[in-house]
Amino acid sequence: MINQIQFGNVDLKTPLKDLESSPNGPYLMLPARRKRAIGSASEREAREERERRHKKDIAKYALGIGFGIFFLSKVLGSGGLGRFLKWTSESAHKLGLTKTEKAAKKVEESYGRVHDRVHDKTSKFISKGELINNFVNLKDTWIKKVMFAWGPTKKIHEEITQKFINWGRNAVRKSFGKADAELGKVYSYLNGRNEKILLKERHIWPKGVDVEGHVKELQKLLDATEAIIEKGFGTTSQHRHFKATEIIGKELEAKFLHTPMKELIKDKEMYRDFVADKFISDSRTNRIKVGEETLRDLRDHLDRMLKLYKDILQPSKYKKVEGRINGMYKRYEKANQKITHDYFNMFRDIKLGSGPTDVLNLLLTAAAAGYGLAQCEDAEERTSLSLLYGIPIVGGVATSLICTSRLMAGSRALVAGAISGFVLNRIGEQVDSTRKKYKPHYEQIMATLKQANTTQNLQS
């Protein structure tokens with residue numbers, strides 16, 4: 001019978017139930033204290049959960065607004081999508097040619113028809129894909145019209161726009177300045193090289209070659225090279241280009257700004273071509289011609305110089321001369337790319353209002369991060385999340401904006417912003433970790449100082 005007694009619901013409470021163990025021996029935990037301990041653990045878990053949730057919120061708000069708008073405006077906009085689709089088309093075209101070569105002769109004609117059809121469809125898709133730029137421009141124009149409706153905001157818009165234009169021009173000047181500095185170094189190097197050939201290397205002159213005649217011709221070509229660069233890429237040429245873009249920019253601005261939005265949206269041309277780019281195409285083409293002619297003449301003179309040097313120099317010494325000359329030429333190629341393509345693209349978008357829109361994007365990102373931080377429980381949590389997420393995200397978008405103002409392509413600017421955000425996040429982690437580590441010591445020191453001040457005041 002005794003084995004049938006059930007003890008499942010019996011409360012085996014003993015006088016030792018409230019004794020808990022600890023490293024220093026058992027201690028008495030009263031029921032109230034037990035509840036507070038359980039409550040503290042629950043609060044910590046809830047706090048950690050809130051922190052995880054706020055991290056997601058801050059990232060979602062700020063990244064969504066910041067990099068989302070930037071991606072649409074700068075990567076898909078400004079021809080970025082078109083360049084990507086063009087690359088895809090060219091890759092498909094190359095793949096098609098490779099397969100055609102490997103294909104059997106029996107199916108060559110039918111494959112050719114399929115390939116032409118696919119290539120034609122791809123080309124049409126590229127032209128349609130670039131139409132997204134029109135709607136990016138319309139978005140910027142709408143914001144511009146809204147800001148132009150009130151005097152103070154109009155002034156802000158104009159000042160920001162002019163700032164971006166000045167930054168773009170400075171980027172062009174800086175690029176040509178670096179090329180000119182390299183030209184100066186190469187000019188000095190070649191003069192020294194020619195002097196060595198005439199005075200110190202007579203004993204290794206190649207036989208049957210008029211070395212002195214070659215050096216005289218080299219000096220003429222070097223002087224002519226400077227004249228070519230000054231004519232096509234000098235300060236006067238750059239200023240003329242900036243003036244031309246100002247004229248075409250005013251016409252472009254008038255077309256978009258003074259035309260009602262309804263008419264712009266209904267305009268059939270918006271669904272056929274990249275309107276703003278087509279509008280400035282003539283001015284761009286003229287500048288491209290100037291740049292290409294200058295580079296062609298420069299390359300011709302440099303090749304003639306290299307041929308003369310190859311006749312009179314030993315192979316190892318010729319390699320050094322060739323490297324310096326080609327390095328200088330690449331500098332001017334890069335600078336020409338900035339003034340003929342990068343500056344035109346930036347100026348086109350800036351005149352339609354992209355500069356203030358980008359600044360507004362940065363402010364919205366900061367506001368979104370601020371909204372996420374405002375949901376934090378206390379200052380401690382807010383400070384931690386600011387270091388880990390708020391500052392890196394806003395800093396990343398700001399970096400992308402700065403890169404864009406320096407005529408960096410949209411995709412490269414986005415990558416630079418992402419890297420910047422990652423670095424700031426790593427720095428924030430270290431700062432936050434150090435801050436949490438030393439905070440108890442800091443609080444203890446401050447409490448001691450406060451107690452000492454209180455004691456001193458009582459004594460006095």
Side-chain angles (χ1 to χ4, degrees), residues 65-81 130-171 242-271 273-281 283-284 342-368 397-398 400-408 410 413:
I65 292 176
F67 281 107
I69 296 175
F70 186 86
F71 182 80
L72 289 173
S73 300
K74 300 302 177 186
V75 180
L76 295 185
S78 301
L81 178 62
E130 287 192 336
L131 296 181
I132 192 174
N133 298 297
N134 290 329
F135 298 99
V136 172
N137 291 151
L138 286 176
K139 176 259 298 179
D140 294 338
T141 301
W142 178 77
I143 294 175
K144 184 172 183 175
K145 288 184 176 186
V146 171
M147 294 186 72
F148 268 44
W150 189 40
T153 52
K154 178 182 179 181
K155 186 177 180 181
I156 292 172
H157 194 288
E158 290 174 339
E159 288 181 355
I160 293 174
T161 297
Q162 192 57 49
K163 279 286 185 185
F164 272 85
I165 291 174
N166 291 341
W167 288 334
R169 289 179 178 178
N170 288 337
F242 293 145
K243 291 291 288 184
T245 53
E246 279 291 343
I247 294 171
I248 197 69
K250 288 180 181 178
E251 296 175 2
L252 176 65
E253 188 179 30
K255 175 180 175 60
F256 276 79
L257 189 61
H258 302 308
T259 304
M261 289 298 295
K262 288 183 179 180
E263 292 185 19
L264 288 172
I265 294 173
K266 291 179 180 179
D267 189 353
K268 293 181 180 179
E269 193 177 7
M270 287 284 178
Y271 305 91
D273 298 299
F274 184 7
V275 177
D277 198 65
K278 186 178 179 181
F279 200 86
I280 66 169
S281 61
S283 181
R284 186 206 298 270
D342 299 342
Y343 180 76
F344 258 107
N345 290 339
M346 185 277 294
F347 187 82
R348 174 199 64 214
D349 296 338
I350 288 296
K351 292 303 287 185
L352 294 178
S354 72
T357 304
D358 289 343
V359 173
L360 183 62
N361 175 32
L362 176 61
L363 296 177
L364 287 173
T365 304
V397 175
S400 299
L401 177 60
I402 292 170
C403 290
T404 303
S405 70
R406 299 296 187 266
L407 302 184
M408 185 180 287

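On a predicted model such as this, the values are computed, not experimentally measured, just so you know.
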Trace of the side chain to side chain contact (heavy atoms under 4.5 Å, CB included) decision for N137 with W142: CA-CA 9 Å; N137 291 151; W142 178 77; over 6 Å; no
To the closest 0.5 Å, what do you measure between OG1 (T245) and CZ (F347)? 4.5 Å
Okay, side chain of Y271, backbone of I265: is any donor-acceptor separation there less than 3.5 Å? yes
K268 bridged to E263 by N-O distance under 4.0 Å: no
Judged by modelled atom types alone, do T357 and D140 share a side-chain donor-acceptor pair under 3.5 Å? yes
With sequence neighbours excluded, residues passing side chain to side chain contact (heavy atoms under 4.5 Å, CB included) with E159: K155
Going through the distances and angles, do V136 and L352 end up as a side chain to side chain contact (heavy atoms under 4.5 Å, CB included)? CA-CA 10 Å; V136 172; L352 294 178; over 6 Å; no
For side chain to side chain contact (heavy atoms under 4.5 Å, CB included), just list the numbers for D277 and R284, CA-CA rounded to whole Å, side-chain angles, deciding distance to a tenth of an Å, and then say yes or no. CA-CA 9 Å; D277 198 65; R284 186 206 298 270; 2.5 Å; yes
Exactly one candidate in I156, I350, N166 meets side chain to side chain contact (heavy atoms under 4.5 Å, CB included) with T161; the answer is I350
Between N133 and R348, do the side chains contain an N or O donor and an N or O acceptor separated by less than 3.5 Å? no
Main chain of D273, side chain of N134: is a donor-acceptor contact present, judged purely on distance under 3.5 Å? yes
I'd like to know whether S283 forms a side chain to side chain contact (heavy atoms under 4.5 Å, CB included) with F344, so could you lay out the CA-CA distance, the side-chain angles of the two residues, the decisive distance to 0.1 Å, and finally the verdict. CA-CA 9 Å; S283 181; F344 258 107; 3.6 Å; yes
What is the distance from atom CG of D349 to atom CG of L252, rounded to the nearest 0.5 Å? 9.0 Å
Least distance between heavy atoms, V275 atom then E269 atom: CG2-O, 3.7 Å
Looking at CG of L138 and CG of D267, how far apart are the two atoms once the value is rounded to the nearest 0.5 Å? 9.5 Å
Taken to the nearest 0.5 Å, the spacing of I160 CD1 from S354 OG works out to 11.0 Å
Should the pair R169 and F242 be classed as cation-pi, given the thresholds of under 6.0 Å to the six-membered ring centre and 45° from the axis? yes
What's the shortest heavy-atom distance between M270 and F256, and which atoms? CE-CE2, 3.6 Å
Gap between atom CG of L364 and atom CG of L360 - 0.5 Å precision: 4.5 Å
Might you confirm whether atom CH2 of W167 has over 12 heavy atoms from other residues, nucleotides or ligands at distances under 6.0 Å? yes
Would you give me the side-chain donor-acceptor pairs under 3.5 Å for residues 143-152, sequence neighbours excluded?
from	atom 1	to	atom 2	distance (Å)
K144	NZ	E253	OE2	2.5
K144	NZ	K351	O	2.7
K145	NZ	T259	O	2.4

